[in-house]
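Here the structure is laid out as structure tokens; the discussion comes afterwards.
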2 protein chains.
Amino acid sequence: MKAAVQSIEVKEAILDATDRFLSNFGYKKMTIDDLAREVGIGKGSIYLHFSSKEEIALSHIDRIVERVKEQLEAIAKSAVSDEEKLRQMLLARVLLRFDSVQHYKQSLNDLLAGLRPKLLARRKQYFAEEAEIFAKVIKEGQVKEEFQKENAVKLAEIFLLATNSLLPFSLTTQELGERREIEEKTLRVADLLLKGLKKV
Amino acid sequence: MKAAVQSIEVKEAILDATDRFLSNFGYKKMTIDDLAREVGIGKGSIYLHFSSKEEIALSHIDRIVERVKEQLEAIAKSAVSDEEKLRQMLLARVLLRFDSVQHYKQSLNDLLAGLRPKLLARRKQYFAEEAEIFAKVIKEGQVKEEFQKENAVKLAEIFLLATNSLLPFSLTTQELGERREIEEKTLRVADLLLKGLKKV
DNA sequence: CTATTGACTAATTTTGCATTTCAGTCAAAC
DNA sequence: GTTTGACTGAAATGCAAAATTAGTCAATAG
């Protein structure tokens, strides 16, 4: 079991280093040799954890989204109203992503230009998974007769869609604007959406 | 006056040709010589209408947004309810842009990669202008006591923000999805936003 | 015996340089 | 007064040699 724990720690360390290299140099200039040296393991050992360089970059993005999803689940389980949960969840999905790439000099889209098709495919998957979590909370609100009773997953997708332009994908956080502006905009959108959701 | 009309026709013809070259070859491969030959005028004459190649590409985008704004104004003046106006306007801003770049093989963002800073600056301006038109309609609804009475411009900005991820900027229309899916998503977002707007 | 490594290779990227192409100008033509 | 296309410096492109790198695997370490 020690070995398994160790293995996960190394994997995390590789992704930590990936974040540093991506933010400073971009995908192309990040080399597997650099990565191995930074983590303090042999180059071949990188391939014990990841099948390719692409897979490393993609896993790094996966990790960010996993963290977002964990945070969403935590909010979904917390002890506030369903309306407040949705508001906090929208804010979390936007700001956690903002904070995760704040130090990047290029947009993810530019950074990972070579992996675009794969990145887009994953993005679609991410949104589907996020939508599931939102849908769960919406359903709870529907059971309590607080929300309108349209298809919960479709409603969840709209919530994501309406905040997607605030995510740092094709724009850098610089280009998106100040963090507190983003926060305010997200809350405003959330407000209108929630009013619409409650309406009978 | 003949000359002035002629001048505008030539300018339009240059932008028409620009659209063809951009969609087929992209910004870099589009040359001023090609453009002049296509329009049937001398190269120097291009510069009687535009100050630079950048300006041509940017004017082409300007023209698309001008057409969107004209359409928005037309809907704003039409004889339907304010709610219906807003719904149609959201649909128009999304679908008119979709149709305008449907034949492009790259996203605008990639196509005009070299002009990104200038393009982003204009985008901001476009949204401000669109927001003004939306705000006008929202104010009318507020006067009729149909809509909630928050700052109309801020509300308008939210309407745009919530549909911005459906615009073909960093994604091609291919990547965005089928036109009718886009249409359906826009209508769903519009629906929720409008319910929220009406709520007291 | 398993886990890890880094020298190795094929493929890709970079470099340096010669050649071509092109954006923008302006004197001449219309 | 308009329009033009030959002209120019700057930028892009092509190309071959050199350098770098992703991924492998036989050797090594534990």
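Just so it is clear, the structure is predicted and the values come from calculations on it, not from any experiment. Protein chains get the first letters and strands the later ones, always in sequence-line order, with residue 1 at the start of each.
Using a 4.0 Å heavy-atom criterion, one finds that B:T31 contacts the sugar-phosphate atoms exclusively. Counting non-hydrogen atoms under 4.0 angstrom, B:I46 reaches nothing in the nucleic acid. Among the heavy atoms of the strands lying under 4.0 Å from A:S52 are primed sugar atoms or P, OP1, OP2 only; no base atom is included.
Residues A:K29 and A:G40 each lie close to DNA chain C; by heavy-atom proximity, the contact nearer the 5' end of the strand is made by A:G40. Along DNA chain D, the nucleotide nearest A:I32 and the nucleotide nearest A:G44 are compared for position; the residue whose nucleotide lies closer to the 5' end is A:I32.
Taking the side chain of B:L48 as heavy atoms from C-beta on, and the options C:dT25, D:dT4, C:dT4, the nearest nucleotide is D:dT4. Picking from D:dT4, C:dT14, C:dA23 the nucleotide with the shortest atom distance to the side chain of B:I41 gives D:dT4. Considering only the side chain of B:S45, D:dT4 comes nearest among C:dG24, D:dT4, C:dT4. If you check C:dG24, C:dT14, D:dG23 against the side chain of A:K28, the one that comes closest is C:dT14.
The distance from atom CZ of B:F21 to atom P of C:dC22 is 11 Å, rounded to the nearest whole Å. A straight line from CG of B:D33 to P of C:dA23 spans 7 Å, rounded to a whole angstrom. Distance CD1 (B:I56) to P (C:dC22): 14 Å, rounded to an integer number of Å. The interatomic distance linking A:E9 (CD) with C:dT4 (C1') rounds to 17 Å, in whole Å. What separates NZ of B:K53 from C1' of D:dA10 is a distance of 14 Å, to the nearest Å. Rounded to a whole Å, the CE atom of B:M30 is 19 Å from the P atom of C:dT21. Rounded to an integer number of Å, the gap from CD1 of B:I14 to P of C:dG24 is 14 Å. Atoms CZ (B:F50) and C1' (C:dT25) sit 18 Å apart, rounded to a whole Å.
With A:D82 as the partner, the side chain to side chain contact (heavy atoms under 4.5 Å, CB included) test is satisfied by one option alone out of A:K139, A:K198, A:K144: A:K144.
Side chains of A:T163 and A:R93: a donor-acceptor N/O pair is present below 3.5 angstrom, by distance only. Side-chain contact, A:D110 with A:Y27: no donor N or O sits under 3.5 Å from an acceptor N or O.
Taking the ring axis of A:Y126 as reference, the NZ or CZ atom of A:K69 does not stay both within 45° of it and closer than 6.0 Å to the ring centre.
At C:dT5, none of the side-chain N or O atoms of A:K43 fall inside 4.0 Å of OP1 or OP2 (strictly under the cut-off).
For the atom pair B:Q174 CD and B:Q106 CD, the distance stands at 13.0 Å (nearest 0.5 Å).
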